[in-house]
Amino acid sequence: MSKCTDEEDPTTRKPEYDRLSKLKAFDETRAGVKGLVDSGIKHVPRMFHHQFENNPVSCGIQVSIPIIDLEKVKQNRTTREEIVGKVRNASKTWGFFQVLNHGIPMNVMEEMKDGARRFFEQDVESKSRFFSRDFTKRVVYNSNFDLYSAPAAKWRDTVVCSMAPDPPKPEELPAVFSDIMLEYSKQVMNLGYLLFELLSEALGLNPDYLKDIDCAKGLVMLSHYYPICPQPELTLGSSKHADNGFLTILLQDNVGGLQVLHQNQWINVPPTPGALVINIGDLLQLISNDRFTSVDHRVVTNSVSPRVSVASFFTTALVPDTRLYGPIKELLSQNNPRKYKETTVKDFITYFNSKGLSGTSPLPHFKLSKPSHGDK
Ligand SMILES: O=C(O)CCC(=O)C(=O)O
Ligand SMILES: [Fe+2]
């Protein structure tokens, strides 16, 4: 076994552990976690070992995030209001829901997952062209965006691409999935517009409100590959975190592994044919003054099947933007005073990144020490 894998044979474990050089050696392979698995690794290297907290995993099949059927969203006022009510409840109590009949054709979703899988399953040389840690680049492939700052590395590889407001030219994207990335992201933008309308209405605002303040302006797409893991009990595909943007639309394959923290229990989000998973991000919680909730989630690994997911983040994190976001004034009242300071998306993300995916919410940092009745 080569040194870069950091694989530890328990019988020859050495007392000293130079974590940084292990991380560097791993990073320099540019082959990601998939490269470790392809090399035949039998033990999860120490840099991937996670501290597990005590929250139990719910074994009940009766608890699950809500599933909302959008089919009748444009049929008439009553059906629309019913759907808006479900979106409001789910966004408050769960921060997560799945949507069906959302308008993105099944074949586009399937091709997007196949395309992402093709990218990761090609040879290392082809992927290396996109290997970088500089997120100002249009396409960035690496393993663990916070490899050097997080307490433990995650068992996954990712390719990140900024798709809006300035869509890439096909030749800027990896050829193995450029066409489907463009098609899928166009469809995701349309679904995003609809979801932001429903969320605006759920807050009692006019349907265009959230779009008009640029919540749907930026789209960053993360395609994740979670290789098979020889010791799933030691590591995580994604550690506990909440998403920092406005909204996330997640496409997952049929393997499963995503869990949402609800009432201190990890609840599985079962793959549901044709469905997309939607979750509220931290910035939407902030501007809704806590009417919506950004909820912690994680991904567990397994030893049976690699998993692919595509997370589309509505965020202007990668766009120069000086707009200030604070609790929406129309939502504030004597009984509902403002809870947060204003921030730019850039400052919010910079603070978030300084913590890595450590599971610590950035929201308390932007909270006013005393809710304010001023400027409601
Ligand atoms: O792969 C998943 O199911 C979740 C990914 C995720 O949480 C993220 O990209 O923020
Ligand atoms: Fe996430």
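Values below: every heavy atom of this structure, side chains too, minus hydrogens, waters and symmetry copies. Keep in mind that this is a model prediction, so the values were computed, not measured.
Applying the 6.0 Å contact sphere to NZ of Lys367 captures more than 12 heavy atoms from other residues, nucleotides or ligands. Heavy atoms of other residues, nucleotides or ligands lying less than 6.0 angstrom from CD of Gln51 number 12 at most. For Arg19, the CZ atom sits in a packed shell: over 12 heavy atoms of surrounding residues, nucleotides or ligands are nearer than 6.0 Å. Heavy atoms of other residues, nucleotides or ligands lying less than 6.0 angstrom from NZ of Lys341 number more than 12.
Using modelled atom types and a 3.5 Å distance limit, the side chains of Glu201 and Tyr209 yield no donor-acceptor pair. Remark: the Asn142 side chain and the Asp157 side chain contain no N/O donor-acceptor pair separated by less than 3.5 Å. Side-chain N/O atoms of Asn353 and Asp146 include no donor and acceptor closer than 3.5 Å.
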For this session: I would like to know whether Thr79 and Asn76 meet side chain to side chain donor-acceptor pair (under 3.5 Å); could you show each step before the answer?
Result: CA-CA 6 Å; Thr79 54; Asn76 61 50; 3.2 Å; yes
Exercise. Step by step, would you call Thr136 with Asp134 a side chain to side chain donor-acceptor pair (under 3.5 Å)?
Worked result: CA-CA 6 Å; Thr136 61; Asp134 172 5; 2.6 Å; yes
Problem set entry | Worked check of side chain to side chain donor-acceptor pair (under 3.5 Å) between Asp123 and Ser126 | CA-CA 6 Å; Asp123 53 85; Ser126 311; 2.8 Å; yes
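For the pair Ser185 (side chain) and Leu182 (backbone), a donor-acceptor distance under 3.5 Å is present. Without hydrogens or angle criteria, Trp155 side chain to Pro227 main chain gives a donor-acceptor distance under 3.5 Å. Between the side chain of Asn268 and the backbone N or O of Gly257 there is no donor-acceptor pair closer than 3.5 Å. With hydrogens and angles disregarded, no donor-acceptor distance shorter than 3.5 Å links the side chain of Glu81 to the backbone of Thr78. A donor-acceptor pair under 3.5 Å is absent between the side-chain atoms of Lys42 and the main chain of Pro230, judged by distance alone. Without hydrogens or angle criteria, His262 side chain to Ile267 main chain gives no donor-acceptor distance under 3.5 Å. The closest donor-acceptor contact from the side chain of Arg338 to the backbone of Leu332 lies at 3.5 Å or more, if one exists at all. Under a 3.5 Å cut-off, the side chain of Asp321 and the backbone N or O of Thr344 do not form any donor-acceptor pair.
Residues Arg80 and Glu197 are paired through a salt bridge, judged by an N-O separation under 4.0 Å between the basic side chain and the carboxylate.
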When the side chains of residues 280-288 are checked against the rest of the protein, which donor-acceptor pairs come out under 3.5 Å, sequence neighbours left out?
from	atom 1	to	atom 2	distance (Å)
Asp282	OD1	Ser294	OG	2.7
Gln285	OE1	Ser294	N	2.8
Gln285	NE2	Asp290	OD1	2.9
Ser288	OG	Leu284	O	3.0
Ser288	OG	Gln285	O	3.1
Ser288	OG	Arg291	N	3.3
Ser288	OG	Phe292	N	3.0

Exercise answer: donor-acceptor pairs, residues 98-109 side-chain atoms, under 3.5 Å, sequence neighbours excluded:
from	atom 1	to	atom 2	distance (Å)
Gln98	NE2	Pro270	O	3.3
Gln98	NE2	Thr272	OG1	3.1
Asn101	ND2	Asp69	OD1	2.8
Asn101	ND2	Asp69	OD2	3.3
His102	ND1	Ile104	N	3.1
His102	NE2	Gly274	O	2.8

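Classified by interplanar angle (parallel below 30°, tilted 30° to 60°, perpendicular above 60°), the ring pair His297/Phe96 is perpendicular. Ring orientation note: the planes of Tyr351 and His365 are close to parallel, at an angle under 30° on the 30°/60° scale.
Applying the ring-ring contact (aromatic ring centres under 6.0 Å, His included) rule to His224 yields the partners Tyr226; only residues at least two apart in sequence or on another chain are considered.
Of the candidates Phe196, Phe246, Tyr193, Phe196 is the only one forming a ring pair (Phe, Tyr, Trp, His ring centres under 6.0 Å) with Phe314.
A cation-pi arrangement, defined by a distance under 6.0 Å to the six-membered ring centre and an angle within 45 degrees of its axis, is absent between Arg118 and Phe177.
The aromatic ring centroids of Phe131 and Tyr141 lie less than 6.0 Å from each other.
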